[in-house]
A.B. asks: 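Okay, here's the structure, questions in a sec.
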Amino acid sequence: MSACVPARTTDANHTERTHPPHSPPPSGPRRPRIASADVSAAVAVFLIALPLSLGIALATGAPLQAGLVAAAVGGLVAGRIGGSPLQVSGPAAGLTVVTADLIQQYGWRTTCAITVLAGLAQLGLGCLRVARGALAVSPAIVHGMLAGIGVTIAVAQLHIVLGGTPQSSVPDNLRALPSQLADLHPAALFVSLLTLTLLLLWPRLPGRAGLLLHKIPAALVAVAGATAIAAAAGLVLPKVDLPSWRNHALAGLPEGPVLGLVAAVLTTTLVCSVQSLLGAVAVDKLASARPGGARVARSDLDRELLGQGAANIVSGSLGGLPVAGVAVRSSANVHAGAVSRNSTMLHGVLVVAAALLMVPLLEFIPLASLAALVMAVGIQMVSLHHIRTVTRHREVLVYAVTTLGVVSFGVLEGVALGIAVAVGVALHRLTRTRITHELEEGVHHVHVRGQLTFLAVPRLSRALHLVPQGSHAVVALDGSFMDHAAYETLQDWQSTHTAQGGTVEITGRRSGVRIAEPSALASTHLTDVDAGADGASEAHCRCRPWTAWRNHQCERPSLLPAGDRRPDPADATGGGSGADGANGGSGANGGSGANGGSGVDGTRGTAASKTAAHGTGAGGKDAAAGAGGADPTRAPEPDRDGAGAHAGAGAGSGSGGSQLVRGISTFQRYTAPLVRGELARLAREGQRPAQLFLTCADSRVVTSMITSSGPGDLFVVRNVGNLVPPPGAESGDDSVAAAIEYAVEVLAVRSITVCGHSGCGAMQALLDSGPGGGAGTPLRRWLRHGQPSLERLGAGSAVPPRLTGRTPADAVERLCLTNVVQQLEHLRAHDCVTRALKDGALELHGLYFHVGEAQTYLLTERDEETVFDRVRAVDLAM
């Protein structure tokens with residue numbers, strides 16, 4: 001079979017589909033409904049948002065109702081329009097300092113107008129699709145900004161906790177703190193400490209009761225508990241005062257100096273946008289790490305910016321605080337199991353209901369309790385985890401300067417200082433290059449640590465001239481960048497030194513870093529998946545045929561026997577592609593399939609090789625360039641084994657990571673151009689495989705190789721032991737049954753093959769465990785589905801399966817053969833398979849692949865015996 005044959009246009013036996021071939025049949029129209037998980041998540045978020053919104057409004061000096069307005073608008077508008085379905089927006093603690101400064105400087109109505117203008121700016125940025133650019137800001141700057149805001153909030157709210165009034169800035173608050181400590185208000189301090197105690201201890205309640213009580217948010221418990229105790233004790237304290245909505249102040253025309261207003265709008269836009277976009281990315285990570293449950297689409301950051309802008313326009317127009325994505329509420333939404341944006345919007349509806357119906361209850365809350373809650377949030381914004389992270393990445397200076405700048409001067413000034421320091425640190429790292437020269441055992445070592453730019457050329461030249469003429473030198477490049485000036489300096493010195501009888505070896509920490517020989521001057525290149533990760537392999541490795549299937553154990557040319565020397569890769573047309581292509585391989589792994597075509601008898605290719613002339617037979621007599629060939633029109637020189645071209649770059653040597661990268665590189669360079677057209681067709685038309693191939697996960701079984709198939713030919717299911725659990729025995733694992741149903745009902749495959757193989761570790765484990773086995777580990781539980789095969793082997797009621805011409809070599813091979821027969825019986829028990837077999841639309845096959853012989857055996861019924869017949873080479877002449 002081949003993936004290069006024309007698309008199946010006529011097939012009398014093929015069922016026509018009226019839906020995409022890779023999609024389930026369409027169902028009827030669905031009624032819009034809200035999932036129960038969204039309802040419970042909305043309630044949890046609402047219980048957190050209500051006290052926090054009031055507390056943040058209190059901290060900014062805005063009317064307390066402004067916090068409720070922002071929370072409602074953030075849930076309804078940003079939740080509906082925004083691009084992050086699970087992010088919850090509202091008044092954020094990160095905006096507290098900015099908003100407080102604006103209110104103090106311009107008044108409340110002008111602050112609302114600034115919020116509207118910031119929303120318009122966000123809409124403009126969203127239309128320009130620059131949201132991803134905000135993520136280019138160093139995380140150290142963002143975390144430093146949040147830490148500075150957190151310190152500012154905590155210091156200011158400390159005065160309210162102690163029963164006083166906060167000042168306008170952190171330095172003023174610190175100077176006024178001694179006098180505030182001397183004039184404590186015991187009632188306010190008691191309520192604040194009680195709030196903090198409940199907030200700290202509630203999540204740590206032990207036992208089963210604690211697990212149940214943890215569903216109630218700690219913020220709600222802390223504020224409600226402190227309020228109830230204060231009311232019961234009759235404490236006289238300032239409390240929440242929510243004036244009538246009739247007197248609610250709306251946005252007015254901005255008043256003040258133009259430059260000051262522009263700076264205010266830019267600051268609000270910057271903080272709102274960066275916090276919302278980073279929050280959206282964090283929510284994606286939380287949602288993807290959530291075990292099980294429904295998967296939610298990743299955030300559209302440009303749309304999220306549009307949603308935040310629309311929310312700020314509405315919130316500012318209605319007299320609300322600036323809106324941004326809020327980490328506390330968003331994480332609570334994800335952890336509560338929300339599956340769509342309905343939870344965010346429903347939380348906004350609940351806030352509106354509370355603002356209209358719960359005013360008498362809210363006015364019992366002491367301001368000291370809200371201040372303690374907001375102070376705790378501010379302290380949490382100084383994250384020890386973030387400090388450890390920036391320290392590990394040597395960006396603690398950027399973090400510290402940003403934090404101190406925000407605390408001392410303000411948010412915009414602190415961020416500007418952080419950006420300046422970050423740029424300075426980056427330039428310092430770029431120009432800081434250490435170059436050393438050492439003599440060890442007669443070899444001169446020049447070690448370059450860091451980026452090699454024109455600024456380091458004088459030091460590089462001095463170090464290179466310390467190497468005497470005619471000596472052996474090793475230049476180690478320990479960096480990821482070299483500019484043109486440094487390259488020319490190094491190449492010119494190499495040419496001169498070698499011309500004077502010396503030798504030069506240039507190495508790099510990353511494979512593929514090399515300087516071209518003087519006769520073949522080319523620009524230095526680094527490891528790259530698209531362009532030449534295998535440079536070092538080409539320079540130092542001559543890979544023998546078929547070594548791709550021996551984990552690519554390369555040998556240096558000098559170590560190979562003279563008869564086994566291969567031509568230089570620069571003079572050959574290439575060989576295998578990826579991990580499986582030493583000789584053109586087969587299928588997607590470098591041969592038959594889309595463009596390769598591997599002839600079974602080595603003298604002829606498949607239809608694909610006949611059509612595309614890109615293949616190599618197992619014997620290689622008429623081999624073309626193969627999927628990995630640099631020139632697909634020129635056949636490589638046959639070698640002593642008659643196996644076609646050598647492996648070229650192949651999968652690479654060394655660590656598994658380098659093997660992977662080199663294999664991908666070879667695919668991108670050689671194979672991808674040959675198969676791109678066929679894959680583009682499959683992408684347009686969808687998958688329409690003819691076979692379901694169920695085999696073991698063993699790495700030695702390469703399905704596309706042993707079937708000469710390519711992209712779009714096989715629908716492959718692999719698991720440990722090529723097991724097919726019978727219906728009703730999956731023990732919670734329906735993956736195999738789902739794949740069978742999908743292949744038969746949706747893809748309408750015409751055959752299903754169960755393929756076992758020799759030396760199967762799963763069958764050996766079954767024999768070792770014996771009847772009944774064990775169920776202590778996931779592997780043991782899975783292998784229970786192979787127990788019927790073990791019982792069938794020991795029953796003795798029928799003649800056991802055998803191979804053509806010989807008996808099975810040992811008990812493991814007998815069980816491997818028996819297992820294929822048994823799994824076919826399990827397969828027939830599935831309803832979809834039974835119906836398809838009855839209708840004559842499906843046929844089943846058993847296959848056994850002997851790894852050591854590279855031989856395939858096909859299951860047949862002969863003389864009432866179950867026999868696996870050898871599949872011999874056949875003439876595939878067209």
Side-chain angles (χ1 to χ4, degrees), residues 56 59-61 92-105 134-162 166-181 260 263-264 266-275 277-279 322 324 327 371 374-429 432:
I56 291 172
T60 60
L95 295 165
T96 302
V97 176
V98 176
T99 309
D101 290 341
L102 294 179
I103 293 173
Q104 184 177 7
Q105 188 172 358
L135 301 182
V137 180
S138 170
I141 297 175
V142 177
H143 298 325
M145 177 190 73
L146 295 177
I149 292 173
V151 171
T152 304
I153 292 172
V155 173
Q157 298 307 299
L158 180 60
H159 284 270
I160 301 179
V161 167
L162 298 176
Q167 305 299 315
S168 59
S169 65
V170 173
D172 292 340
N173 280 319
L174 292 177
R175 283 191 293 268
L177 191 57
S179 59
Q180 185 64 61
L181 289 172
L266 291 178
T267 303
T268 305
T269 303
L270 172 68
V271 178
C272 289
S273 302
V274 172
Q275 182 168 344
L277 295 177
L278 293 177
V374 176
M375 185 179 73
V377 173
I379 294 173
Q380 291 173 357
M381 293 174 69
V382 185
S383 171
L384 294 178
H385 171 70
H386 291 158
I387 294 175
R388 286 194 294 267
T389 301
V390 298
T391 302
R392 186 167 60 251
H393 290 89
R394 297 183 298 170
E395 292 185 326
V396 66
L397 179 62
V398 178
Y399 179 91
V401 169
T402 306
T403 302
L404 293 176
V406 171
V407 169
S408 303
F409 306 110
V411 175
L412 189 61
E413 294 85 353
V415 170
L417 285 174
I419 292 175
V421 173
V423 172
V425 169
L427 291 176
H428 174 70
R429 290 176 178 173
R432 184 185 180 188

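Predicted model, so just to flag it, every value in this text is computed and none were measured. Position 1 is the first residue of the sequence; numbering continues from there.
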A.B. asks: If you take all heavy atoms of Pro322 and Cys272, which pair is closest and at what distance?
C.D. replies: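 Looking at all heavy atoms of both residues, the closest pair is CB-SG, 4.2 Å.
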
A.B. asks: Mind checking side chain to side chain contact (heavy atoms under 4.5 Å, CB included) for His159 and listing every partner two or more places apart, or none if nothing turns up?
C.D. replies: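 Expected list: Pro166, Asn173, Ala176, Leu177, Gln180.
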
A.B. asks: Starting from the C-alpha separation in whole Å, work towards a yes-or-no answer on side chain to side chain contact (heavy atoms under 4.5 Å, CB included) for Leu270 and Leu266.
C.D. replies: CA-CA 6 Å; Leu270 172 68; Leu266 291 178; over 6 Å; no

A.B. asks: Which pair of heavy atoms, one from Val374 and one from Ala59, lies closest together, and at what distance?
C.D. replies: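 What the structure gives for the nearest pair is CG1-CB, 4.1 Å.
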
A.B. asks: Can you tell me how far OG1 of Thr152 sits from CE of Met381, rounded to the nearest 0.5 angstrom?
C.D. replies: 9.0 Å

A.B. asks: Taking the side chain as every heavy atom from C-beta outward, state whether Val271 and Val97 have any atom pair closer than 4.5 Å.
C.D. replies: no

A.B. asks: Nearest 0.5 Å, what's the CD-CG distance between Glu395 and Leu397?
C.D. replies: 10.0 Å

A.B. asks: Using a 3.5 Å distance criterion without hydrogens, assess whether the side chain of His386 forms a donor-acceptor pair with backbone atoms of Val382.
C.D. replies: no

A.B. asks: Would you say that Ser138 contacts Ile141 through its side chain, given a criterion of any heavy-atom pair below 4.5 Å between the two side chains?
C.D. replies: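 Touching, per the 4.5 Å side-chain cut-off.
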
A.B. asks: Is any side-chain heavy atom of Ile153 closer than 4.5 Å to a side-chain heavy atom of Met375?
C.D. replies: no

A.B. asks: Let me confirm one number: the CD-CE distance from Gln275 to Met145, rounded to the nearest 0.5 Å.
C.D. replies: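 Gln275 CD to Met145 CE: 6.5 Å, rounded to 0.5 Å.
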
A.B. asks: How long is the straight-line distance from CG of Leu95 back to OG1 of Thr60, given to the nearest 0.5 Å?
C.D. replies: 10.0 Å

A.B. asks: Can you list, pair by pair, the side-chain donor-acceptor contacts under 3.5 Å of residues 398-420, counting residues two or more places apart and other chains?
C.D. replies:
residue, atom, partner, partner atom, Å
Thr402, OG1, Val398, O, 2.8
Thr403, OG1, Gly144, O, 3.1
Thr403, OG1, Tyr399, O, 2.9
Ser408, OG, Leu404, O, 2.9

A.B. asks: Are more than 12 heavy atoms from other residues, nucleotides or ligands located less than 6.0 Å from atom CZ of Arg394?
C.D. replies: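 No - once you tally the heavy atoms of other residues, nucleotides and ligands closer than 6.0 Å, there are 12 at most.
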
A.B. asks: For a quick test of reading the model, state the closest non-hydrogen atom pair linking Leu102 to Ala264 and the distance between them.
C.D. replies: CD2-CB, 3.4 Å

